[in-house]
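One structure is given below, encoded as structure tokens.
Computed from a predicted model, the values in this text were never measured in an experiment. Basis for what follows: all heavy atoms, side chains included, without hydrogens, waters or symmetry-related copies. Numbered from 1 within each chain, the chains take letters A, B, ... in sequence-line order.
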Amino acid sequence: MAKYNDDLKQLNLPEIDRIIRQFWEENDIFNKSVNQKSIDNSFVFYEGPPSANGKPGIHHVMGRAVKDLFCRYQTMKGKRVERKGGWDTHGLPIELSVEKELGITKEDIGTKISVDEYNAKCRETVMQYKDQWDDITRRMGYWVDLDNPYITFNNEYIESVWWLLGQLYQKNLLYKGYTIQPYSPAAGTGLSSHELNQPGCYRDVTDTTVVAQFKTLQESLPAFLQGLGDIHILAWTTTPWTLPSNTALTVGPKITYALVKTYNQYTFEPVNVILAKALIEKQFAGKFFAVESEEQLASFQASDKKIPYLIVKDFVGSDLEGIRYEQLLPYALPYQNPENAFRVITGNFVTTEDGTGVVHTAPTFGADDAKVAKEANPEVPPLLVLDENGNAVPLVDLRGKFRADLAEIGGKYVKNEYYADGEAPERSVDVEIAIKLKEENKAFKVEKYVHNYPHCWRTDKPVLYYPLDSWFIRSTAMKDKMIELNKTINWKPAHTGEKRFGNWLENLNDWNLSRSRYWGIPLPIWRTDDATEEKCITSIEDLGKEIALANEKLGLNQSVPKDIHRPYIDEVILVSPSGKAMKRELDLIDVWFDSGAMPYAQWHYPMQNRDFIDKGVTFPADFIAAGVDQTRGWFFTLHAIASMVFGKVAYKNVVSNGLVLDKNGVKMSKRLGNVIDPFETIAEYGADATRWYMISNAQPWDNLKFDLEGIDEVRRKFFGTLFNTYSFFALYANIDGFSYSEKKIPLAERQEIDRWIISLLNSLVQEVDAEYSDYEPTNATRKIMTFVDEHLSNWYVRLCRRRFWKGDYSQDKIAAYQTLYECLNTIAKLMAPVGPMFSDWLFKNLNDATSLEACESVHLADFPQADISAIDKALEQRMDYAQRISSLVLSIRKKEGLRVRQPLTKIWLQVLDSSFISQVDAVKELILSEVNVKDVEYITDTEGFINKKAKANFKTLGKILGKHMKAGQAMIAEFDQKAISQLEKTNAYTLEIEGEKFVLTTEDIEVSFDEIPGWQVAVDKDITVALDISLTDDLIAEGIARELVNRIQNIRKTSDFNVTDKITIAIEDHDIIRPAVAQFGEYIKAEVLGISIALGNADGGELVEITDDVSLKIKVAKV
RNA sequence: AGUCUCGUAGCUCAGCUGGUUAGAGCACUACACUGAUAAUGUAGGGGUCGGCGGUUCAAGUCCGCCCGAGACUACCA
């Protein structure tokens, strides 16, 4: 006969992991779980590609547990869930690690190392830790197809990306423009925000700052500023070298500004200046003092130590809009619309934290500046001039030098740091400009200022914000479509979609696609030198045709490169319609586009597998998941590309999980040494405990404070309990040879408690199913845990233990086995998505012995379906009563020092409602045996000796009484017995408060009985229990009999007798023993499998304590 | 700086549309139970629900401001 596996004497999750992993691999369970399901009933899942050039961390286990569990759940719900793996292979981190490893820089590529070698090295590095990733994938039990993954550097993948870009190009959503970006002149390259955020990049530096006086044009001043003489606007800058490029001044529309009369501290000329009122004290600190009148002001002399100032009037920023001013440093004029430059505009980003509340605006060197200048009406032109080739360029070139034709500053570097060692002039341009402004009465104040400024991580020199050419996707044009589509996506949690993602879409900017890098997907756009003609290539075939055409027209001998990465692709020359040569735009595309293209590119769409997308076989996804930090990353790129190219969503359901922090809530980092090694964790605690802990401890979208002790708790509390329950079952089922071969006993023929746990189990199935399908795994796991711990183990098994080991293999025993078996088998299925290994071990142990299920693994089984007819809410309620009543009685026993082995006569229960008596009667025997009491009686309001108490029902009463609630509550609490019985009899009671009358019904008042004179009472919410604690001789004798049983059992156990051994018993004679043996001898014998009990000589027996004061010898012998 | 999330017992978390004395598990202490025993039960201590103000008869729950933690975006004259 098949046996239930009892190899494990105690829970060993890593061992179970090993067994199950081996089983899965040998039997190809993953593939079966996919292939057994019909393609017509798919659940589409997208794997967000990890990058294998970093080691997997514990947070990856978290993210993948979330992905895995929903895929497993849907599989069990009958869906076919293909899980194509993928690798993200492009991007800066890979270039950096290659360069670091080889000890080279970008400049060495092509000289110290060939492009081939570099390219090969990148490919290799990308997969550096692939083995570790594969390993963690297996160990954590994450099912994903790693045999046929998509890889973003493959030509097929790139070709699909080109096609997508081509679609955008055809829709006129791709264009070239410029933005202000961080740029390192010394390195000659733009910097990503990622590079700027490297540690040590932001540094405190001391710069020369200037508060400049911009002289307004009289005729442009509003009326309230007329007739006051020359008026200057003050604006502060920490980068005086940008002042020649100033084309506007920005004020905050709602900020209050003031006109102040004073004297210039360098020229001592009288001046009228405008600045934010809130900053007057700051700007006029030290050298200045406030005066109240023109006279005081006029009395100033240049030799005075302190300079007076007078606040004349104030006004808000919007009043200043449109004022024009003289260009501060007229080295050059904007080549476009110079008439729109040099005026006051408004911007909401202006603050009064420091400076003057007026922002010097140079659109060529500041991102905010460029934005606000563009938004102004008419647009403020940036200070761009035309170079010798007629191209518009800023006043500073790419090396960080002023253009040569700019008088005395021409040809100088804007920062002294950019000069080679020893070549920097004594005075930096900043200082030179400051001096010039002082001399010309254009500087209000010049001082040194310490501030935080980014530096290039490679050259250590300050970064310049500089306008750089870039290719953009005109995502703003599709903004409304994206917003509309987003509303159809089910976000978990909802606020990530509505708020975070929604806001991001509302404030969408065009997508800057360009990266001046090396290892990535090349932009497939070719242009003529004069940029008048261009072509966008959309496939390799297309490229081949164009190459052939170019070969023909230009007399070249080119072919399609084997690898379409840089630099091979850069060598390809195409021909324009007018016959000119075209070169590729050198940019690579943002790697985020790679990942957003995966729904299509993973299948090499549209060159292959057209139906997958066009017929919706694998598009859109039913479900994706990734970290919340991907909101603007993967979640956005998927959404943007699907919206813009296909006009559809890319995913219907999305779970964004939070971060994994250390147990103190601090982000894990190598530097802090608080990183948790996923391999070690899984090796010690097992994959299931780790996964279960992560899912059950906090909602996936909340940050998880990862604590190994928490995993241990889950192991003990949940897996330990479940394991014990199974072991218990297996022990006796093996003894009795239960293999579920008997016919299933109808529920109606089983005991109340069996029907109860089955009812609860079916309720659980319903709830857990709903939670999983609603992407609420935490609730699902918590419900399963409560069931296993509180109901199955601590109530059902505890109360039913006797049924398993006592007596013959009866119908009742079989019913108990069937019931427990069903619970364990169903729990295995319910928990399988989150704890895939233990659940399969449990499932197989059960099924291997019974062959009840046709499938070999729990992951090939169907998710349980609740049997509605088995759910009996009344039964669940009365068992809840039983549990609570028992608990109350036990607590009274505890208080009174009455051990449970001492029988008592009676408990009294307060009757709650009409069904209460019949409900409790049905579980009466359970309660009585659990608490060792002989009988139950019910208290109804006919008894006269109970004190009833009235309490307000706040919920109903609040609506009736309103503001009289407090008074009403007090009055109700004071109700006497008469008032209560009047209310109960007539169902009406009139309450009078401050002259107002209110008619109350029994619904508004709760009556309780928490005092019964002479009884011990305990209360739990609505249930009140009273216990009769008086003892009789008979009760005492019975109590002693039970004590004896207990002692004899202990002796059997310590003597290592078999559970089935029969014994003879001899007990030392004593007064307290005699009545017990006389009255309960048969009972004792039956309990301990004794064939005789002798009183008297027990020499050689064990001395044991019977009561606190009596110890006697007991001798037990095997027959 | 902006947007979003979070802040409840020593720790991890519940607390539905506002309603009576704010709950559970872990940990701690005491006791009990014992044919699940490296398990189990009962009881106990422990809380200004981050702070302040408001709405309301009634606020952990709704609103405003502030503080703290985190994420993302932006980078500032």
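Between Phe728(A) and Tyr732(A), the ring planes are perpendicular. Angles over 60° get that label, and only those under 30° would be called parallel. Using the six-membered ring where Trp is involved, His639(A) and Phe501(A) have ring planes that are perpendicular, over 60° apart on the 30 and 60° scheme.
Among rC4(B), rG19(B), rA36(B), the nucleotide with an atom closest to any side-chain atom of Phe954(A) is rG19(B). Closest approach to the Asp702(A) side chain among rC4(B), rA36(B), rC6(B) is made by rC6(B) (side chain taken as heavy atoms from C-beta onward). Taking only side-chain atoms of Arg500(A), from C-beta outward, the nucleotide of rC72(B), rA38(B), rA36(B) with the closest atom is rC72(B). Taking only side-chain atoms of Trp504(A), from C-beta outward, the nucleotide of rU73(B), rU3(B), rG41(B) with the closest atom is rU73(B). Residue Arg798(A) has its side chain nearest to rA36(B) when only rG19(B), rA36(B), rA71(B) are considered.
Distance noted for atom C1' between rC52(B) and rC16(B): 28 Å (whole Å).
Look at rG23(B): its Watson-Crick or wobble partner, with both distances under 3.5 angstrom, is rC13(B). Shown here, rC28(B) forms a base pair with rG44(B); the pair counts as Watson-Crick or G-U wobble because both key distances fall under 3.5 Å. Nucleotide rC65(B) has rG51(B) as its partner under the Watson-Crick or G-U criteria, with both atom distances under 3.5 Å. When both distances must be under 3.5 Å, the Watson-Crick or G-U wobble mate of rU56(B) does not exist.
Side-chain N/O atoms of Arg716(A) include one lying less than 4.0 angstrom from OP1 or OP2 on rA27(B). Dashed line: the shortest gap from a side-chain N or O of Asn703(A) to OP1 or OP2 of rA71(B) is not under 4.0 Å. Regarding contacts with the backbone of rC76(B), a side-chain N or O of Tyr465(A) is found under 4.0 angstrom from either OP1 or OP2. Taking only side-chain nitrogens and oxygens, Lys705(A) never comes nearer than 4.0 Å to OP1 or OP2 of rC11(B).
Other residues, nucleotides and ligands contribute over 12 non-hydrogen atoms within 6.0 Å of the NZ atom of Lys783(A).
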Assess whether side-chain contact (heavy atoms from CB on, under 4.5 Å) is satisfied between Cys823(A) and Phe729(A), documenting all intermediate values. CA-CA 11 Å; Cys823(A) 289; Phe729(A) 169 82; over 6 Å; no

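Heavy atoms of Gly710(A) sit nowhere under 4.0 angstrom from any nucleic acid atom. At the heavy-atom level, Tyr732(A) lies under 4.0 Å from the strands shown only through sugar-phosphate atoms. Among the atoms of the strands shown, none is found under 4.0 Å from any heavy atom of Thr956(A). Here Ala952(A) lies in heavy-atom contact (under 4.0 Å) with a base. Nucleic acid contact class of Val797(A) (heavy atoms, under 4.0 Å, all strands): base. Within the nucleic acid shown, Asn1046(A) comes within 4.0 Å of sugar-phosphate atoms alone, with no base atom in reach, counting heavy atoms only.
Between Tyr183(A) and Tyr465(A), the ring centre distance reaches or exceeds 6.0 Å.
Scanning atom types as modelled, no donor and acceptor separated by under 3.5 angstrom connect the side chain of Thr721(A) and the base of rA36(B).
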